[in-house]
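For reference, the structure discussed in these notes is given below.
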There are 2 protein chains.
Amino acid sequence: MKQDFQQILRGLNLKSTPKRVVLLEVLDDESVYLSPEDIWNRMKKRFRRLGLPTVYRNLEELYAGGVISRVIHPNRQLYYYLCRNEEHHHHFICVSCRRVVDVSFCAEKELQDVVREGIQGKVLSHILQINGLCRHCLQKDGAVHAY
Amino acid sequence: MKQDFQQILRGLNLKSTPKRVVLLEVLDDESVYLSPEDIWNRMKKRFRRLGLPTVYRNLEELYAGGVISRVIHPNRQLYYYLCRNEEHHHHFICVSCRRVVDVSFCAEKELQDVVREGIQGKVLSHILQINGLCRHCLQKDGAVHAY
DNA sequence: TGATAAATAGAAACAGTTTTCATTTAAGGA
DNA sequence: TCCTTAAATGAAAACTGTTTCTATTTATCA
């Protein structure tokens, strides 16, 4: 586990520091999306001193390295971070409880076709994110948290 | 045309001010996405005094009213705004020249199915955005602008 | 034309993020 | 194990984009 994280960090040519390992642990523990500050707060329980810039720096590096993934807030220009990112997939995010569920559906091929044929352009990346209410929040209807 | 914009504004219970009309004109003139500041700069050519907050307020109102649409920058947490938003569709954006092309393809039905069956949740909205290179930028390869 | 509510400018506040730089720490070699 | 070096970090400050506040201006409608 911890071993695992060390290997991941080595793989990115990043030193295996306690803070990086804990950052990965924090993300791995959660099934909801977390803001940089959320992550900072959780990590601070484990370190006497921890700067927010450290969190930002590491999120950036780990995201760039493809180890973690992120979603964009449904109606604010903010990123939220998620646990590990295995292979290409998209996310259903519950706008009420922040839960994230991986979605295997991906229209990549169709998008490629549409762009190649209709626009004669080339796809570099795509964002597909589904915002909605998860099963649990649907049941306690009305009790939907603001987001 | 200008008449048209007035009607749109009335339809949203917004007063038809010169600045709102010019904002819509500016967006309508462009086939590229514009940041709030881009829009401000273009609008300033027409007004001696124009505050950036006015641009933000109006973008927000018009977006909320469904009159304009926006995209998220492919790798920064920033919104960019686009000309009018007719009916539901998605955008191909060229990361080099910022050109935007409407894409009619939409996997809405599939998404609904996946979420209903796989997650037992409900879709409220979805983001589908294709980032890539348009035909023109593909041709002048190598000359791709930073973004 | 006048009254009223909405819209605006300008300044300031704000939130989230990034930079800077001095200090600390991990990793690899003696 | 100790030393060296480059990388990582903390703290403060800077920065960027956005929003709030308040007094003034303006569109709308009677």
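Given the structure is predicted, the values throughout are model-derived calculations rather than measurements. Naming convention: chains lettered A, B, ... in sequence-line order (proteins, then strands); numbering from 1 in each chain.
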TODO: May I ask you to say what A/Arg20 touches in the nucleic acid, namely base, sugar-phosphate or nothing, with a heavy-atom cut-off under 4.0 Å?
DONE: sugar-phosphate

Task: Among C/dT18, D/dG17, C/dA11, the nucleotide that comes nearest once only the side chain of A/Pro53 is considered - done: C/dT18

Rounded interatomic separation in angstrom, taking [atom1] from [X] and [atom2] from [N]:
| X | N | atom1 | atom2 | answer |
| --- | --- | --- | --- | --- |
| B/Leu23 | C/dA7 | CG | C1' | 14 Å |
| A/Leu62 | D/dA7 | CG | C1' | 15 Å |
| A/His73 | D/dG17 | NE2 | P | 21 Å |
| B/Leu52 | C/dT8 | CG | C1' | 13 Å |
| B/Leu12 | C/dA7 | CG | C1' | 15 Å |
| A/Leu78 | C/dT18 | CG | C1' | 15 Å |
| B/Tyr80 | D/dT16 | OH | C1' | 12 Å |
| A/Glu60 | C/dG16 | CD | P | 18 Å |

Open item on the list: Could you check whether atom NZ of B/Lys122 has more than 12 heavy atoms from other residues, nucleotides or ligands sitting under 6.0 Å from it?
Closed with: no

Open item on the list: Check for me whether B/Arg70 meets the cation-pi criterion with B/Tyr63, that is, NZ or CZ under 6.0 Å from the six-membered ring centre and within 45 degrees of the ring axis.
Closed with: yes

Open item on the list: How close do A/Val123 and A/Leu111 get, counting heavy atoms only, and between which atoms?
Closed with: CG2-O, 4.2 Å

- [ ] Give a yes or no answer on whether the side chain of A/His91 reaches the backbone of A/Ile93 with a donor-acceptor pair at less than 3.5 Å.
- [x] no

Task: Main-chain N/O of B/Pro53 paired to B/Trp40 side chain as donor or acceptor, under 3.5 Å - done: no

- [ ] Tell me whether the OP1 or OP2 atom of D/dT9 has a side-chain N or O from A/Asn58 closer than 4.0 Å.
- [x] yes

Report all interatomic pairs (protein N or O, nucleotide N or O of nucleotides 25-30 of chain D) with separations under 3.5 Å.
| unit_1 | atom_1 | unit_2 | atom_2 | d |
| --- | --- | --- | --- | --- |
| D/dA27 | N3 | B/Lys15 | NZ | 3.3 |
| D/dT28 | OP1 | B/Arg10 | NH2 | 3.4 |
| D/dT28 | OP1 | B/Ser16 | N | 3.1 |

- [ ] Under the side chain to side chain contact (heavy atoms under 4.5 Å, CB included) rule, what do A/His90 and A/His126 come out as? Steps first, then yes or no, please.
- [x] CA-CA 10 Å; A/His90 298 291; A/His126 65 283; 3.1 Å; yes

Task: Residue closer to the 5' end of DNA chain C, A/Gln77 versus B/Val55 (nearest nucleotide) - done: B/Val55

- [ ] List the steps, then state whether side chain to side chain contact (heavy atoms under 4.5 Å, CB included) holds for A/Tyr80 with A/Leu34.
- [x] CA-CA 5 Å; A/Tyr80 290 85; A/Leu34 298 175; 5.7 Å; no

